[in-house]
Amino acid sequence: MSRAFEVIVGNDRVVCDLLDDVAPRVATRMADALPVDSFAVHAKFAGDELIVMVPFFENPQNEIFWVKPGDIGYYPGRQTICMFYGPTEPFGQVSVFARAREEHLPLLRRWGQQILSAGSLPVTIRMFDPDAPTTAEGALS
Amino acid sequence: MPATTADLEAVVRDAVLQALAARGFDVDGTGAGAGDGHGRPAGPRPVALLEADAPPHVHGRQSGSEYCTHCGGCMEPAVYEAGSRTTPSSTADMVDRLDRFTELVWRAEPQDITRLRQLTRPPMGRMPGVFYANFNLFWLGENLQTLRDKARVGTVPVEHLNEMLAAACLRSAIRLSKWKLLDVIFLLSDVVGFAQRTGCASHDEVRELIEHLLLAVDRVQAWVDRMIPWHRLDAVLEPIP
């Protein structure tokens, strides 16, 4: 069974499938580091990309320059994950280790626009459990 | 009479240098610390930066709390590892200390950043402190990445890597004192002390220590970067002809 994690902002979540077949080391390191509370900021010079720092250091694997919308990469230079949601002008390679589900790309785009107008968003990242409430839902229950 | 910004900067810088020198660290690049002639001090000394003048620095903190939870009921802002302590005796101990720092600064905005928000200097106010702190921390990370790469390859002797690590952290600590990032300075002074006094025993230990140090300082840099209104800057940036 494939593994997935979810990125939660308020009551919304984006599910990302781990690419255990092409980047097993980075994918496992990510899974082991969860859950994580952090914040997302926007890329400054690489196009439609959200950036979240994660608390682990891992060497590159499955490095890709020309990423696609939905690709999730790990960048060891800043210990961040990079979530690409639209056109990009790549500035370097990232270790693509996960992929956001197609139906959630509009939400990633919305978050990107929010950050571009406000500055940053608090996020929670955890392993995906379709039955688990989001942070906001949990607070209401 | 209230202290001026220049006074505070001088106090912080002098305190950093004096405390490091008192602990036997090489602060002038000559390697002439008090000790055994190899840059090692005669004995362990506690960290004691500024405690007489800055009460918050005697207060401790536990993860998840914005305030001191060490002395019970105290509402002083909490800071990183304020208690007196000795230099870590092993890389594992140093890594543990780095991880505790990272845990402290991960979720909530660190005290250093709160201080930075209040820092203003003539004639350009908050801008220089915020931007320079951001890029000083960024380049500390870049320099540490270079050292990590050297440690991975293993072509530079371990003792040289220890020396370069201490030098890079010391220079950054002094630089960051301008922006009052005191908790980061404490942390870097710990690394300086460890690298000069004990040191990593292997290339793998150097790599491991630097990876944990990167997480600590890059997290603080992320907090600085987060408060910069990047999304509005281009609209007001008009390059001078």
Side-chain angles (χ1 to χ4, degrees), chain A residues 8-9 25-26 29-30 32-61 74-83 89 91-95 110-126 135, chain B residues 63-64 95 98-110 113 117 130-131 134-135 137-149 151-153 204 206-235 237:
Chain A
I8 300 171
V9 174
R25 177 165 41 78
V26 178
R29 194 67 189 268
M30 178 70 181
D32 290 346
L34 301 181
V36 165
D37 288 320
S38 194
F39 51 81
V41 295
H42 203 281
K44 300 176 183 72
F45 40 67
D48 291 350
E49 172 194 353
L50 300 178
I51 299 170
V52 180
M53 187 176 179
V54 288
F56 66 88
F57 200 106
E58 186 54 70
N59 290 317
Q61 185 177 42
Y74 174 77
Y75 180 58
R78 292 289 135 190
Q79 306 97 56
T80 52
I81 61 169
C82 313
M83 301 186 288
E89 291 188 33
F91 209 72
Q93 292 183 319
V94 294
S95 300
R110 175 147 61 89
W111 290 350
Q113 293 308 307
Q114 281 182 256
I115 293 173
L116 280 175
S117 63
S120 71
L121 282 176
V123 302
T124 296
I125 309 176
R126 65 187 187 191
T135 310
Chain B
S63 179
V95 166
L98 291 169
D99 288 351
R100 291 206 304 276
F101 181 96
T102 302
E103 188 178 348
L104 286 174
V105 300
W106 189 268
R107 291 190 180 191
E109 182 173 280
I113 308 305
R117 287 181 183 277
V130 172
F131 274 83
N134 192 44
F135 289 113
L137 286 165
F138 177 89
W139 277 104
L140 170 59
E142 291 294 296
N143 292 333
L144 291 173
Q145 290 274 359
T146 302
L147 286 175
R148 177 188 176 270
D149 290 344
R152 277 191 78 194
V153 175
D204 203 45
V206 176
R207 178 196 54 74
E208 181 188 14
L209 186 153
I210 290 176
E211 288 177 2
H212 288 262
L213 177 57
L214 276 167
L215 282 170
V217 297
D218 282 351
R219 187 58 176 176
V220 177
Q221 192 263 331
W223 282 107
V224 180
D225 187 88
R226 172 185 169 275
M227 72 170 162
I228 297 174
W230 297 103
H231 54 295
R232 294 200 296 265
L233 288 182
D234 192 53
L237 180 63

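Per chain, numbering begins at 1; letters A, B, ... match sequence-line order.
The part of A:P76 that comes within reach of chain B is its backbone (N, CA, C, O), which places non-hydrogen atoms under 4.5 angstrom from that chain. Of the atoms belonging to A:V54, it is backbone heavy atoms, and not side-chain ones, that fall under 4.5 Å from chain B.
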Could you pull out every donor-acceptor pair under 3.5 Å between chain A and chain B?
| residue | atom | partner | partner atom | Å |
| --- | --- | --- | --- | --- |
| A:D37 | O | B:W106 | NE1 | 2.6 |
| A:S38 | OG | B:R219 | NH1 | 3.2 |
| A:S38 | OG | B:R219 | NH2 | 3.4 |
| A:K44 | NZ | B:D225 | OD1 | 3.1 |
| A:K44 | NZ | B:D225 | OD2 | 3.1 |
| A:N59 | OD1 | B:R148 | NH2 | 2.5 |
| A:N59 | OD1 | B:R152 | NH1 | 3.4 |
| A:P76 | O | B:Q145 | NE2 | 3.2 |
| A:G77 | O | B:Q145 | NE2 | 3.2 |
| A:R78 | NH1 | B:D218 | OD1 | 3.0 |
| A:R78 | NH2 | B:F138 | O | 3.1 |
| A:R78 | NH2 | B:E142 | OE2 | 2.7 |
| A:Q79 | NE2 | B:D218 | OD2 | 2.9 |
| A:S120 | OG | B:R226 | NE | 3.2 |

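Within 6.0 Å of the CZ atom in B:F131, the count of heavy atoms belonging to other residues, nucleotides or ligands exceeds 12.
Qualifying ring pair (Phe, Tyr, Trp, His ring centres under 6.0 Å) partners for B:F138, counting only residues two or more places apart in sequence or in other chains: none.
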